[in-house]
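Data block below; observations after.
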Number of protein chains: 2
Amino acid sequence: MANIKDIAKAAGVSSATVSRVINQNGYVSEETRKKVELVIQQLDYVPNLNAVYLKKGATKTLGIVAPYFSDSLTVFLRGFTLSAQKEGYNVTLFMTGDDKQKELDAFEMLRRKQLDGLLLLIRLNDWKQLEPFTKYGPIVTWQRVESDHIPSVFMNHYDGYMLGLEHLYATGCRNIVNLYGSTSGLNTKSRMKAYLDFCEKYHLNPNLQPQFKGLNSSEDGEKVAHWWKEQSTKPDGFATSSDAVAAGLITEAKRLGVRVPDAFSVVGFDNIEIARLLDITTIDYPIEKQAQNAFTLIFNQLTHRENPLIPLDFHLIKRHTTK
Amino acid sequence: MANIKDIAKAAGVSSATVSRVINQNGYVSEETRKKVELVIQQLDYVPNLNAVYLKKGATKTLGIVAPYFSDSLTVFLRGFTLSAQKEGYNVTLFMTGDDKQKELDAFEMLRRKQLDGLLLLIRLNDWKQLEPFTKYGPIVTWQRVESDHIPSVFMNHYDGYMLGLEHLYATGCRNIVNLYGSTSGLNTKSRMKAYLDFCEKYHLNPNLQPQFKGLNSSEDGEKVAHWWKEQSTKPDGFATSSDAVAAGLITEAKRLGVRVPDAFSVVGFDNIEIARLLDITTIDYPIEKQAQNAFTLIFNQLTHRENPLIPLDFHLIKRHTTK
DNA sequence: TTGTAGGCGTTATCAC
DNA sequence: GTGATAACGCCTACAA
């Protein structure tokens with residue numbers, strides 16, 4: 001593989017001149033430029049990026065870290081990658097499984113100058129472990145974080161969830177069951193708070209029904225359909241934390257001969273493809289915009305700009321799983 | 001940021017010794033090792049990977065290239081990334097949209113030593129454009145390729161599609177419509193060949209129904225439901241090229257009050273989550289295993305091994321959209 | 001067991 | 001306009 005010196009030699013100039021030609025800065029006479037470009041063509045030369053990166057101290061590469069990739073994470077991933085590529089950044093994926101060490105490895109890459117910035121979608125380690133890495137480059141999170149040092153594109157799920165609860169109430173539900181997701185983040189806490197406030201507002205008893213937590217997949221939703229069938233005093237509405245759970249609940253109910261929304265109403269969350277397909281009433285959650293904002297936050301830090309963020313709002317998508 | 005010389009100075013040794021400690025090769029006395037490790041701790045030192053890569057001429061990073069990320073591509077992405085990470089490789093994502101130049105950019109990264117190998121999921125450029133890059137590192141494709149130089153984890157869709165057709169026939173369908181996907185690759189050609197052979201075998205007229213090509217999304221499937229409703233002599237079976245299309249067809253049919261499989265049968269393809277959720281009879285397509293094989297092919301080339309590949313087979317998953 | 005020094009391939013600061 | 005040359009930070013013969 002030819003290097004810059006080979007080009008210089010073959011063109012009868014110094015490597016400094018070749019570098020100027022490549023990077024199009026500094027003065028080069030038209031004549032020598034032509035000559036150098038010709039040689040570059042002939043020798044099929046291309047600069048070694050590792051050398052460039054070493055010299056420049058940056059790689060134009062961002063990392064994106066998550067334990068797995070669900071539907072909504074994929075949407076985020078897509079939006080972020082597209083934004084990044086638009087500005088000339090590549091994106092490296094770190095799938096951490098449930099391995100905390102893998103997450104730390106990704107952060108190490110930032111420290112080791114392999115990554116210019118990092119997007120953390122779902123966190124595994126404590127913030128105390130991760131926070132020290134902020135000094136090596138911009139880090140942005142999706143989930144909310146108790147620290148002021150780390151910017152986040154987090155949206156308070158309290159508002160979105162409340163939208164769903166209000167809709168259930170408005171359509172006649174008085175005996176609502178919540179299907180919460182993972183309890184490790186703050187979203188479930190926000191949702192529980194929303195539910196309590198909701199109950200207080202309408203003088204409902206919040207302890208009428210058991211708590212369901214940690215539901216994530218459509219399989220989880222399917223189990224709930226069976227649970228519902230066994231109850232003597234049946235709930236008339238389900239508020240969920242994801243469209244996948246809602247989808248599982250609805251499809252399994254159908255298999256059991258239970259009609260939605262006649263028997264009960266369901267509100268999903270996220271507004272992903274499956275919700276549209278199954279006509280699930282859900283809460284639209286502008287993940288794509290969050291992803292763009294996430295990139296903007298990193299980009300601004302990296303380039304000392306102040307590009308504006310896109311404003312974010314939840315809103316209800318009324319479909320056919322509520323009355 | 002401390003570098004190796006700072007460590008050397010602080011520990012009162014040479015940078016060569018520090019390097020030996022870091023890489024655990026060469027002889028270092030227990031005493032100096034301890035001393036050096038202590039200093040590394042104290043100065044919070046970690047080697048700059050760009051320098052390491054420059055020196056070593058490899059980055060332990062693989063690229064994965066695709067225009068977009070659909071459900072099945074995401075499955076592939078996941079499998080590949082997990083396999084790669086298991087062997088210490090990172091994976092960089094190149095989302096090319098429909099921009100041929102972006103695809104070439106990714107291949108350039110291979111040439112520029114930023115990538116040790118490349119997985120190409122869906123191709124945009126002609127092979128003639130891409131083939132020259134094989135000399136810069138291992139390249140593996142998902143789609144079949146007319147060239148012998150490029151290994152592929154391609155599976156001949158003829159077999160899988162035939163499985164679906166045979167099943168439709170066995171369950172009584174005699175008037176089958178094919179919902180083919182993109183015509184740019186070879187898969188659709190294989191499927192069309194399968195259909196012709198199928199018709200010949202059972203003495204069916206292959207031109208009884210119009211051709212549907214280029215269907216990919218659930219929206220496309222939905223449109224077919226409307227088409228079906230308008231026909232006077234209605235087909236009794238649909239063979240599709242993706243679960244998404246099948247899902248759209250089925251859900252829209254339901255909205256139109258058409259019962260599946262009473263009115264017609266549907267066979268999906270891929271066996272992704274949505275097929276399970278909607279009880280779609282489909283063809284299982286071991287994408288995850290293909291992804292693992294893809295990594296193995298690259299890994300073998302990179303390390304001159306001969307790790308075995310996982311054998312791949314299609315099989316029919318009978319659910320409730322066929323009789 | 002340790003140190004010296006050259007080289008990996010660029011970029012950028014000086015001179016000229 | 002162009003050319004030396006010193007970094008960037010690390011690894012690794014080869015010496016000692």
Side-chain angles (χ1 to χ4, degrees), chain A residues 1-40 43-61 108-116 136-137, chain B residues 1-40 43-61 108-116 136-137:
Chain A
M1 289 268 320
N3 63 26
I4 199 170
K5 282 189 182 164
D6 298 331
I7 305 301
K9 203 177 297 173
V13 298
S14 76
S15 59
T17 302
V18 178
S19 178
R20 286 189 198 102
V21 171
I22 296 166
N23 298 297
Q24 314 194 11
N25 59 14
Y27 297 104
V28 183
S29 76
E30 202 44 39
E31 197 181 0
T32 43
R33 144 161 290 120
K34 285 266 168 58
K35 197 167 51 180
V36 170
E37 278 171 349
L38 185 68
V39 176
I40 287 180
L43 297 197
D44 193 34
Y45 165 76
V46 68
N48 179 320
L49 280 181
N50 288 317
V52 177
Y53 291 164
L54 171 60
K55 186 69 200 171
K56 296 209 165 157
T59 57
K60 283 284 215 173
T61 302
E108 275 299 319
M109 297 297 273
L110 186 66
R111 176 145 88 119
R112 304 187 94 186
K113 300 283 188 184
Q114 258 322 272
L115 258 26
D116 291 353
Y136 304 118
Chain B
M1 288 269 319
N3 64 25
I4 199 170
K5 281 189 183 165
D6 298 332
I7 305 300
K9 204 176 298 172
V13 297
S14 76
S15 59
T17 302
V18 177
S19 178
R20 286 188 198 103
V21 171
I22 295 165
N23 299 297
Q24 312 193 13
N25 60 14
Y27 298 104
V28 183
S29 76
E30 202 42 40
E31 199 182 358
T32 44
R33 144 161 290 122
K34 286 266 168 59
K35 198 166 50 181
V36 170
E37 279 171 348
L38 184 68
V39 175
I40 287 180
L43 297 197
D44 194 32
Y45 165 76
V46 67
N48 178 319
L49 278 181
N50 290 125
V52 176
Y53 292 164
L54 171 59
K55 186 71 206 176
K56 297 212 166 152
T59 58
K60 283 287 216 171
T61 302
E108 273 301 317
M109 296 296 273
L110 186 66
R111 176 145 88 118
R112 303 184 103 193
K113 301 285 188 181
Q114 258 322 275
L115 257 28
D116 290 354
Y136 304 118

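Computed from a predicted model, the values in this text were never measured in an experiment. Letters go in sequence order (proteins before strands), and every chain restarts at 1. What's counted below: heavy atoms across the whole structure, side chains too, no hydrogens, waters or symmetry copies.
Taken over five-pair windows at either terminus, the axes of the helix from dT1(C)-dA16(D) to dC16(C)-dG1(D) are inclined to one another by 40° (rounded to 10 degrees).
Counting heavy atoms from C-beta outward, Val21(A) and Thr32(A) have side chains that stay 4.5 Å or more apart. At a threshold of 4.5 Å between non-hydrogen side-chain atoms, the residues Tyr53(B) and Asp116(B) do not count as touching.
Put simply, NZ on Lys113(B) is 8 Å from P on dG9(C), counting in whole angstrom units. The distance from atom CD1 of Ile4(A) to atom P of dG9(C) is 11 Å, rounded to the nearest whole Å. Nucleotide dT11(C) holds its C1' atom 13 Å from the NZ atom of Lys5(A), rounded to whole Å.
The side chain to side chain donor-acceptor pair (under 3.5 Å) check on Thr61(B) picks up nothing, with sequence neighbours excluded. Remark: Tyr136(A) engages Asp44(B) in a side chain to side chain donor-acceptor pair (under 3.5 Å) (not counting sequence neighbours). Evaluation of the side chain to side chain donor-acceptor pair (under 3.5 Å) rule for Arg112(A) yields no partner, not counting sequence neighbours. Taking Ser19(A) as the reference, Ile4(A), Asn23(A) meet the side-chain contact (heavy atoms from CB on, under 4.5 Å) condition, with sequence neighbours excluded.
Annotation: salt bridge (Lys or Arg N to Asp or Glu O under 4.0 Å) contacts involving residues 1-24 of chain B, sequence neighbours excluded, are absent. A salt bridge (Lys or Arg N to Asp or Glu O under 4.0 Å) check over residues 21-34 of chain A, counting only residues at least two apart or in different chains, returns the pairs Glu30(A)-Lys34(A), Arg33(A)-Glu37(A). Sorted by first and then second residue, the salt bridge (Lys or Arg N to Asp or Glu O under 4.0 Å) pairs with a member in residues 45-57 of chain B form an empty list; sequence neighbours excluded.
When atom types are taken as modelled, the side chain of Asn48(B) and the backbone of Leu54(A) share no donor-acceptor pair closer than 3.5 angstrom.
To the nearest 0.5 Å, atoms NZ (Lys35(B)) and CD1 (Ile7(B)) are separated by 13.5 Å. With rounding to the nearest 0.5 Å, the separation of CZ in Arg111(A) from CG in Leu49(B) is 11.0 Å.
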With a 3.5 Å cut-off and sequence neighbours excluded, list the donor-acceptor pairs that the side chains of residues 10-18 of chain A form with protein atoms.
| unit_1 | atom_1 | unit_2 | atom_2 | d |
| --- | --- | --- | --- | --- |
| Ser14(A) | OG | Ala16(A) | N | 3.3 |
| Ser14(A) | OG | Thr17(A) | N | 3.4 |
| Ser14(A) | OG | Thr17(A) | OG1 | 3.4 |

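At a non-hydrogen distance threshold of 4.0 Å, Gly12(A), Val13(A), Ser14(A) from residues 6-15 of chain A come into contact with DNA chain D. Sorted by residue number, the members of residues 20-33 of chain B with any non-hydrogen atom under 4.0 Å from DNA chain C read Arg20(B), Tyr27(B), Val28(B), Ser29(B), Thr32(B).
First and last contacting nucleotides of DNA chain D toward chain A (any atom under 4.0 angstrom from a heavy atom, 5' to 3' order): dG1(D) to dG9(D).
With hydrogens and angles ignored, a donor-acceptor pair closer than 3.5 Å exists between the side chain of Lys55(A) and the base of dT11(C).
Among the heavy atoms of the strands, none lies under 4.0 Å from Val18(B).
Heavy-atom nearest nucleotides on DNA chain C were determined for Ala51(A) and for Thr17(B), and the one closer to the 5' end corresponds to Thr17(B).
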